[in-house]
Structures are given as structure tokens and as C-alpha cells.
2 protein chains.
Amino acid sequence: MSAPQDCPGCAAPDLAFAAHDHAHCAQDALARAEALTATTGARLTPVRRRVLEILLEEHKALGAYDVLARLATEGFGNQPPVAYRALEFLVEQGLAHRIQRLNAFTACVHPGEDHAPAFLICRTCHTVAEAEATAARAALDTEAARTGFQVERSTIEALGLCPNCRGQA
Amino acid sequence: MSAPQDCPGCAAPDLAFAAHDHAHCAQDALARAEALTATTGARLTPVRRRVLEILLEEHKALGAYDVLARLATEGFGNQPPVAYRALEFLVEQGLAHRIQRLNAFTACVHPGEDHAPAFLICRTCHTVAEAEATAARAALDTEAARTGFQVERSTIEALGLCPNCRGQA
DNA sequence: TGTATGTATGTAATATCATAACACGTCAAG
DNA sequence: CTTGACGTGTTATGATATTACATACATACA
């Protein structure tokens with residue numbers, strides 16, 4: 001495992017859209033996940049680890065049943081809870097994110113850097129990228145506070161065209 | 001129908017949370033909806049109008065099946081498409097919004113004022129309020145643009161505690 | 001007035017997403 | 001060596017959403 005700044009692909013903010021060594025990117029995320037769980041004591045069991053690997057194969061969001069189908073062919077259980085539980089674990093640990101708009105899940109590319117990103121979802125190629133959401137979240141919190149509402153968690157997701165698909169249109 | 005500034009309840013930004021004359025608030029939204037559809041030529045048929053009324057009864061989000069159950073007892077169809085079609089129409093016309101986080105729908109309290117609000121969802125009383133999202137959306141668009149992503153639609157939803165429920169906690 | 005056309009509604013069937021409840025196995029602490 | 005926590009497997013069911021087709025209703029216009 002290399003530090004993030006050692007990998008041009010992994011360090012880029014537009015990671016998902018830019019051409020990059022995805023194998024390295026996935027390996028890196030997996031290694032970090034292992035380091036993280038070792039630290040916190042959370043158990044990255046075979047099913048959970050495999051689900052993370054599956055999510056890391058592409059910068060896309062996968063439905064729970066897509067994941068489940070993969071697991072089933074590999075000798076794991078084939079009932080929905082098997083997938084949902086592993087996904088829930090990964091989300092709790094910050095190793096994956098749920099994309100509300102798609103009822104689907106995507107691997108976190110920056111595990112450990114405690115963050116609540118915005119998601120950029122390309123409506124053509126279905127790639128999902130994480131984007132920095134600090135400013136947007138701050139604006140939302142401020143606006144909410146004006147009405148006395150206290151934000152605990154927020155969902156920020158954008159649908160649109162990624163740079164690659166824009167070029168082709 | 002009165003202009004928005006004539007109604008203290010309807011003009012307030014924290015409409016949903018503040019004590020207000022909700023009957024007036026609902027009537028106002030309905031009247032605007034009628035005016036709007038008359039302008040655009042869209043047909044606010046009995047089912048669609050009734051669905052809007054149902055959504056306007058409270059500042060909450062209702063699931064499609066909740067709406068459907070109401071419709072069914074009133075002599076309308078009782079199959080899911082009846083509710084989904086009416087809801088889709090209302091959303092298209094800007095008369096209702098879909099809350100992704102809840103897989104549910106809520107009436108728009110400012111129909112006609114072309115807007116894409118953020119939603120503030122109270123986790124205790126389940127009230128849903130619309131909040132100004134211009135700043136948050138701008139921040140998101142800017143961040144997305146840095147990666148070359150072009151945002152077409154964005155979802156901004158916050159889960160937390162509304163002023164009333166905060167007081168009680 | 002009759003008829004064609006588009007739009008809305010009704011209905012059946014099915015697809016997709018998600019959770020509750022319980023059984024069984026494993027492993028570490030006491 | 002057993003108890004308790006946790007993880008996994010499985011059954012069953014619940015919740016959300018769409019496809020496809022049939023029917024009715026409105027509008028325009030021959």
C-alpha cells in the first residue's frame with residue numbers, strides 16, 4: 001500500500017472520471033479498509049471483505065441484489081440479508097456509501113478520511129464519483145439553522161453528465 | 001386566494017415548523033396549483049387534484065401506497081399505478097416533491113416559484129420543510145464543475161431535529 | 001354529428017428493494 | 001467447559017415500483 005499522494009490516480013479529486021490505474025486504486029482502498037478495521041476492532045470477515053472487493057471493481061453503484069447474486073455464485077449465502085448485512089457493516093465503518101437516488105451502494109474511495117461527500121452520478125455511464133461537500137453542507141446547515149432546524153445527517157447527490165460523456169454528446 | 005405576502009404563515013421561511021393557519025396554507029397552495037395548471041394547459045383531473053389535497057393535509061411526506069389507500073376508499077382505482085401516475089404528474093408540474101430518503105412525496109408549498117429546495121426532515125415528528133437551497137446548490141455545482149461534471153438535477157436533504165422537537169429533547 | 005386522435009384511468013401481473021424472526025456455528029471471556 | 005456475543009444462513013414477508021394492456025373520456029376537425 002502506498003500513501004495517497006503517491007498515486008496520481010488516487011490523489012486526484014476527479015478520481016472516478018479520470019483515467020487511472022483502477023487496480024491500484026481498488027487495492028489501495030482495500031488495504032486502507034483492512035488497516036482501519038484492524039484499528040477499530042471491527043471484523044472484516046470473508047463476506048464483508050468480498051462485498052467490498054465487488055464494490056471496488058468499478059466506480060459504479062451496485063444494488064444489494066447485484067451484490068447478492070455475485071456472492072451466491074461464490075458459495076456465500078443467497079438470501080437478501082446476507083448482502084444487506086455486509087453492506088450495512090461497510091456503510092457503518094465508512095467503507096462504503098449508500099446512494100439514495102439509486103437505492104444502491106458504492107465503495108468509498110477515501111476510507112478513513114472521515115467524510116460525508118457529495119455524489120456525482122453520471123446519467124449516461126452511471127459512474128459515481130465522490131466530491132467534496134464541505135461548502136455545500138455548510139450552506140445547508142446555515143440555512144437550516146435559520147429555521148431552528150438542527151441537521152444531523154445530510155444527503156447531497158447530483159445527477160448529470162460526467163466529463164467523458166459530455167465530450168461525446 | 002391571497003398573495004403570499006398576505007399570509008404570515010405562508011410567507012414564513014420556516015413555514016412547516018412554525019405554528020400557522022394550515023387550512024389557509026393548504027388552500028393557498030391548491031389555488032395556486034389550479035392557477036398554474038390553467039396557465040400551462042396541464043390537466044388537474046379529479047385524481048390528481050385529490051392526491052394534491054391529500055399531500056397538503058400535513059407537512060409530511062406520504063408514501064405512494066398511503067396515498068393509494070386513501071384514494072381507494074374514495075372510489076378511485078386501487079392499483080399502484082393510479083397513485084404513482086398522479087404523483088409523477090404533480091412532481092413534473094412542480095406541485096409536489098419526491099423525498100428520496102423516505103421514498104415518499106410531499107406537496108410543494110410554493111408552487112410556481114420555480115425552485116429546487118432542500119428538504120429538512122425531522123426524525124422525530126417526521127415533518128418535512130422546504131428550505132432555500134440556492135447557496136448549497138451553487139456550492140455543489142462549483143465543486144462538480146472542478147471535475148468537469150455538469151449537474152442537471154441535485155438532491156439535497158437533511159435529517160435532524162426540527163425546532164419543536166429540539167425543545168422537547 | 002360522427003369519428004379519429006391523444007390523453008387519462010383502471011387493472012393484472014410482476015419486478016425490485018428491504019426487513020423481521022429464528023436457527024446454527026464459532027470464538028473468546030469468565 | 002460453558003456462557004454470551006457476534007456473525008452467518010435461511011424462511012418468510014413486507015414495502016416500493018413498473019410494465020403491459022384494456023377501457024374511457026375529451027378534444028379537434030371532417
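Just so we're on the same page: letters track the sequence lines, and every chain starts at 1. Values in this document were obtained by computation on a predicted structure and should not be read as measured data.
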Using whole Å, what does the distance between atom [atom2] of nucleotide [N] and atom [atom1] of [X] come to?
X      : N      : atom1 : atom2 : result
B/R43  : C/dG6  : CZ    : P     : 14 Å
B/F105 : D/dA17 : CZ    : C1'   : 9 Å
B/I99  : D/dA15 : CD1   : C1'   : 18 Å
A/R101 : D/dT16 : CZ    : C1'   : 16 Å

Would you say [N] has OP1 or OP2 under 4.0 Å from some side-chain N or O of [X]?
X      : N      : value
A/N78  : D/dT10 : yes
B/N103 : D/dA15 : no
A/R48  : D/dG7  : yes
B/R85  : C/dA8  : no

(message) For the aromatic rings, using the six-membered ring if either is Trp, is the centroid distance between B/H20 and B/H59 under 6.0 Å?
(response) yes
(message) So that I know where these two stand, are A/H97 and A/F119 an aromatic pair - ring centroids less than 6.0 Å apart?
(response) yes
(message) My understanding is that a pair needs two contacts under 3.5 Å, Watson-Crick or G-U wobble. By that rule, which nucleotide pairs with D/dC29?
(response) C/dG2
(request) Determine which nucleotide pairs with D/dA5, using a 3.5 Å limit on both distances of a Watson-Crick or G-U wobble pair. (result) C/dT26
(message) Show, in sequence, the C-alpha distance, side-chain angles and deciding distance for B/Y84 and B/F89, and conclude whether the side chain to side chain contact (heavy atoms under 4.5 Å, CB included) test is met.
(response) CA-CA 9 Å; B/Y84 280 103; B/F89 169 87; over 6 Å; no
(request) Remember a base hit wins even if backbone is also touched, and classify B/F89 as base, sugar-phosphate or nothing at under 4.0 Å, heavy atoms. (result) nothing
(message) Counting distance alone, no hydrogens or angles: does the base of C/dA20 have a donor or acceptor under 3.5 Å from a partner atom on the side chain of A/Y84?
(response) no
(message) Less than 4.5 Å apart, side chain to side chain, heavy atoms only: is that true for B/R123 and B/I121?
(response) no
